[in-house]
There are 2 protein chains.
Amino acid sequence: MGSTPDALPSRRRTDAVRGPLSREAILSTALSQIDANGLDGLSMRKLGAALGVEAMALYHHFPSKGELLGAVMERLLAEVSLPPRGLLPPLERLRCFVRSYRQIAVRHPHAFVLLAVRRFSTVAAFEVYEYVLDALAEAGFDAVQSARLFRLIGYYASGAGLAEIANRAPDPHRPDTFPSLQRFPRVAAAARYLRAGNQDAVFEFGLDVLLDEIRRQARVGKGARNAGPAEL
Amino acid sequence: MGSTPDALPSRRRTDAVRGPLSREAILSTALSQIDANGLDGLSMRKLGAALGVEAMALYHHFPSKGELLGAVMERLLAEVSLPPRGLLPPLERLRCFVRSYRQIAVRHPHAFVLLAVRRFSTVAAFEVYEYVLDALAEAGFDAVQSARLFRLIGYYASGAGLAEIANRAPDPHRPDTFPSLQRFPRVAAAARYLRAGNQDAVFEFGLDVLLDEIRRQARVGKGARNAGPAEL
DNA sequence: ACCTGAACACCGTTCAAGT
DNA sequence: ACCTGAACACCGTTCAAGT
């Protein structure tokens, strides 16, 4: 029972992460735990266990669970792709942003809730805001118009992401007692077009609508005579 | 210490709710607790205490906390106003729906998260779906188009509601370390138009855009010659 | 039928202690 | 500096018991 010379190390880590604990290792394990077991499935104790460490060790790297989840958010945001200015016209850059934002929800349905629900004003978030506002500026909008469209784009992006989650995953907290469609003829008729398989198409349709509208607003702003939608 | 004749009842209820526990009383107390202390602030034990009852008594009315929260969702949904068919043209009915859906977020910012995050297929929800799809049908859309626009409206409604929450309430889990605006000139310029005070105006602007687009789609669907937007 | 009380298996977090 | 172990004040839920 004493110290055996060649004793196996008592810590086992499920990931290929070894050596001293790092913020990086903690965050990626946390994210994969959330992906696997949901937000409620993540506890400091289980996260510690997955890293081969006591729960309290985590507090040496993050002051609280809330702060840790904030860092997970930042990590999610880093997945959004923001193609550089020169590469694409401004409205196409916006399209890329909205698409890849929604992809976060597709890839991390449980974790995406964090982005939707928690307010965030971090450097990573501000970089995204700046990117979007910059594209709007290049499209010819002033600060007021940009702010409005910024919000509109945000609504669409987070609404689309949430719909992605809500429609794919069944609710673990509640058994699905599906109401009979007899009483809801319109819902019955639309049901087959509302299935998860159609989501991508619906999303792209909505995105086109959104961008068309922004294009239209740009034309109005410039005056109808020298409208140049081709450059957007 | 025995039974005194005129002993005050040992239960005290914070609400004006008396008599035997009812689903109604539990739900309204639960909602006001969530409004006051947030979703995480609601526990079965505290809810019981607020009702002057042991936590376990609640399980006689709801099988689990999840089921209780589901019933709270239903209650929130009941707040949405759906003016009857004859009273307003279809697109104006949609406007009412989206507006009042967002008002749930304004009135119950903490509880609204439930609606946004959890999937729900209950009778109350289906009634709302049917209402929206019916308005779209009256506006002349077939099942495919209706399904698309239904989703689009849903994105906008829940995105707008969430933005309402995120921008009003500071995050309790995370101290706000606001990044310096020096590095973000566009954000700095738009900041004053993105304040909470402007939210109503931005929302109405976006809603107009959404409905304009739906009107346009309706015209395209009917063929350009007999377009009658006045009736929408 | 409706509620209680004790118990079980969990939480996040604090704090003193180890190396 | 980095981690442990025990402890505190909570959770949701089960189960047997009370009336």
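- Protein atom CG of A:Leu39 is 15 Å distant from nucleotide atom C1' of C:dC11, rounded to whole Å.
- OP1 or OP2 of D:dA1 has not a single side-chain nitrogen or oxygen of A:His61 nearer than 4.0 Å.
- Going from atom CG of A:Leu51 over to atom P of D:dC3 covers 10 Å, rounded to whole Å.
- Residue contacts shown for A:Leu42 are limited to sugar-phosphate atoms, with no base heavy atom under 4.0 Å away.
- One finds a salt bridge joining A:Asp200 and A:Arg102 here, because a Lys/Arg side-chain nitrogen approaches an Asp/Glu carboxylate oxygen to under 4.0 Å.
- Residues satisfying the ring-ring contact (aromatic ring centres under 6.0 Å, His included) criterion with A:Phe112, sequence neighbours excluded, are A:Tyr101.
- B:Arg107 pairs by the side-chain contact (heavy atoms from CB on, under 4.5 Å) definition with B:Glu79, B:Gln103, not counting sequence neighbours.
- Note: CD (A:Glu54) to P (D:dT4) measures 5 Å, nearest angstrom.
- If you look at A:Phe203 and A:Tyr156, their ring centroids are closer than 6.0 Å.
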Checking side-chain contact (heavy atoms from CB on, under 4.5 Å) for the pair A:Leu210/A:Phe205: CA distance, chi angles, key distance, verdict?
CA-CA 9 Å; A:Leu210 179 67; A:Phe205 162 73; over 6 Å; no
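- With distances taken from any side-chain atom of B:Lys46 to the nucleotides C:dT4, D:dC11, D:dC3, the minimum falls on D:dC11.
- Taking B:Arg183 as the reference, A:Glu127 meet the side-chain hydrogen bond (donor to acceptor under 3.5 Å, both in side chains) condition, with sequence neighbours excluded.
- Remark: B:Leu181 pairs with A:Phe126, B:Val187, B:Ala188 by the side-chain contact (heavy atoms from CB on, under 4.5 Å) rule, at least two apart or across chains.
- The aromatic ring centres of A:Phe97 and A:Tyr131 sit 6.0 Å or more apart.
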Which parts of nucleotides 13-19 of chain D does protein reach within less than 4.0 Å, heavy atoms only, written one letter per nucleotide 5' to 3' as B for base, S for sugar-phosphate only and - for none?
BB-----
Could you summarise the pairing of DNA chain D as dot-bracket text, marking Watson-Crick and G-U pairs under 3.5 Å with ( ) or [ ] inside the strand and | across strands?
||.|||||...|||||.||
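- Residue A:Arg85 places its CZ atom among more than 12 non-hydrogen atoms of other residues, nucleotides or ligands, all under 6.0 Å distant.
- Protein atom CG of B:Leu58 is 12 Å distant from nucleotide atom C1' of C:dT4, rounded to whole Å.
- Following rounding to the nearest Å, B:Gln33 (CD) and D:dC11 (P) show an atom-to-atom distance of 11 Å.
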